[in-house]
J.: 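Attaching a single structure in structure tokens format; questions to follow.
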Amino acid sequence: MKLDVKIQMLNFFFEVFNFIFLVLGFSVCGIGLWILFDGGSLLNVNTSDELRVVGAGLMLIGLVVLAVSIVGIVGAMKEIRVLLLVYMGLLIALVLGQLFVTLLLLINRNTIEQSLDQTVNQIILWYDGHNRTDTLMDRIQRYESCCGRMGPSDWLQNSFLQSHNLTNQDLLPCSCFNSSRPAINSPWCSESQNLTGPVYGVGGGSYEQGCKQKLIDWLQENMLTLIAMDTALMLIQVVQFVFSVYLYRALGSRTPPKDPEPGEDKYLQDQNYADVDPDSDLHYSSLRLDSSGRRTIS
């Protein structure tokens, strides 16, 4: 295979995998932004420092992937070997950073789960149905068909119910019922007939299962997705590194020969080396340099 054709093929595959690398990098960055800033996610409400470090690390990795991809594209298109060396070094650093984030997530998995439990307990304690975290809790209970963290009895710890001495009245958030007709200004419902009216809504068929296991399953699914994307990104980086090495070597093979030292060309052109060959009719021959710099016999 000709060297130019080999370089073109390496460039093509390099660009294809670099595009996949860039897409995965943006996806990882998006997950980091989701963890840090999505107000509709329990991960954002969660106060775990480890989770915030993971989110910040993923966002940083995505931004670095963008910068590394640009360096690789310029180095491959312009055939600049120095940029390819820089690209390979950044790939190694990026893999180490991803391993750190992944290991941090795995090591602190139990800590993150415990922090999530504490977050849910705080939401239940201060629930009044009128802020962002309360709406998030209602959505979880309604769509997951669960109530409280461990069960409906968790709501007895709510500050509103305790302050109004309503802990014995079977009041639950309307989202804890299979069917409900909420009151105008209250998020609370009850199956008891003596509590129905303008103050509290009417609920039917309360959920008996707590949301803890549903939340753990949801958290583990997100963690597995994140680890899978991180692993795929590292595999792409290994492939990119291999293509970079081959492209770097191919470009080195096409490097033009070094120019002769000053005066060397004139010396070779002026110097004749006579050689007598007794077995042929050629009695004199001279070694010279032609216009392209190759030695010829005349």
Side-chain angles (χ1 to χ4, degrees), residues 31-32 34-55 58 101-163 166-180 182 186-192 200-201 203-229:
I31 292 177
W34 172 62
I35 292 175
L36 292 174
F37 302 112
D38 183 19
S41 170
L42 271 178
L43 294 180
N44 180 255
V45 180
N46 196 336
T47 58
S48 170
D49 292 334
E50 293 82 3
L51 188 60
R52 294 188 182 278
V53 170
V54 169
L58 293 174
V101 171
T102 303
L103 290 176
L104 182 66
L105 186 62
L106 292 174
I107 292 173
N108 294 282
R109 182 184 62 182
N110 292 332
T111 303
I112 294 173
E113 290 180 2
Q114 293 173 4
S115 178
L116 186 62
D117 288 342
Q118 295 174 3
T119 299
V120 174
N121 286 337
Q122 287 298 310
I123 293 175
I124 292 175
L125 178 63
W126 301 107
Y127 177 90
D128 61 6
H130 297 105
N131 57 49
R132 175 172 58 88
T133 56
D134 295 343
T135 303
L136 178 60
M137 190 66 193
D138 284 334
R139 188 164 65 246
I140 292 172
Q141 293 184 139
R142 184 174 296 111
Y143 290 108
E144 296 296 338
S145 301
C146 58
C147 185
R149 186 174 68 87
M150 301 301 296
S153 60
D154 290 340
W155 288 102
L156 297 177
Q157 306 299 321
N158 180 261
S159 58
F160 172 81
L161 297 183
Q162 290 188 351
S163 63
L166 295 171
T167 55
N168 296 324
Q169 302 297 329
D170 297 328
L171 275 178
L172 293 172
C174 295
S175 57
C176 279
F177 293 92
N178 185 36
S179 61
S180 62
S186 175
W188 301 97
C189 290
S190 176
E191 292 179 316
S192 300
Y200 306 110
S206 63
Y207 303 125
E208 298 299 327
Q209 182 184 6
C211 298
K212 178 180 175 64
Q213 189 59 47
K214 300 289 182 70
L215 291 173
I216 291 177
D217 293 342
W218 169 81
L219 181 62
Q220 291 179 348
E221 287 176 3
N222 282 278
M223 291 176 64
L224 287 175
T225 301
L226 175 58
I227 293 173
M229 292 183 63

J.: I'd like to know if the side chain of Q114 pairs up with that of N110 as donor and acceptor (distance under 3.5 Å, no hydrogens or angles considered).
T.: no
J.: Between atom OG1 of T135 and atom CD1 of I140, what is the distance when rounded to the nearest 0.5 Å?
T.: 11.0 Å
J.: Does the side chain of P173 reach to within under 4.5 Å of the side chain of W188, using non-hydrogen atoms?
T.: yes
J.: Ignoring hydrogens, what is the shortest heavy-atom contact between C189 and G203? Give both atom names and the distance.
T.: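 Where C189 meets G203 most closely, the heavy atoms are CB-N, 4.0 Å.
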J.: Going by heavy atoms in the side chains, are E113 and I216 under 4.5 Å from each other?
T.: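 Sidechains of I216 and E113: in contact.
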J.: Which heavy atom of H130 sits nearest a heavy atom of D134, and at what distance?
T.: N-OD2, 3.5 Å
J.: Would you indicate whether the side-chain heavy atoms of L105 and I112 approach each other to under 4.5 Å?
T.: yes
J.: Do N131 and W126 have side chains that approach each other closer than 4.5 Å (heavy atoms only, starting at C-beta)?
T.: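 Sidechains of W126 and N131: no contact.
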J.: Rounded to the nearest 0.5 Å, what's the gap from OG1 on T225 to CD1 on I31? Could you check?
T.: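 CD1 of I31 is found 7.0 Å from OG1 of T225.
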J.: For S175, which residues count as a side chain to side chain donor-acceptor pair (under 3.5 Å) partner, sequence neighbours excluded?
T.: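 Per chain and number, S175 pairs via side chain to side chain donor-acceptor pair (under 3.5 Å) with D138, Q141.
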J.: What side-chain donor-acceptor pairs closer than 3.5 Å can you find for residues 144-154, not counting sequence neighbours?
T.:
unit_1 : atom_1 : unit_2 : atom_2 : d
R149   : NE     : N121   : OD1    : 2.9
D154   : OD2    : R149   : N      : 2.9
D154   : OD2    : M150   : N      : 2.5
D154   : OD2    : G151   : N      : 3.3

J.: Can you tell if the side chain of W155 reaches within under 4.5 Å of the side chain of L172, non-hydrogen atoms only?
T.: yes
J.: Heavy atoms only: give me the nearest N158-L125 pair and the separation to one decimal.
T.: ND2-O, 3.5 Å
J.: Let me confirm one number: the OG1-CG distance from T102 to L226, rounded to the nearest 0.5 Å.
T.: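 Spacing of OG1 (T102) from CG (L226) equals 6.5 Å.
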J.: Is the side chain of T119 donor-acceptor paired with the backbone N or O of S115 at a distance under 3.5 Å, no angle test?
T.: yes
J.: Mind checking what makes ring pair (Phe, Tyr, Trp, His ring centres under 6.0 Å) contact with Y207, not counting sequence neighbours?
T.: none
J.: Measuring from atom CG of D217 to atom NZ of K212, what distance do you get when rounded to the nearest 0.5 angstrom?
T.: 11.0 Å
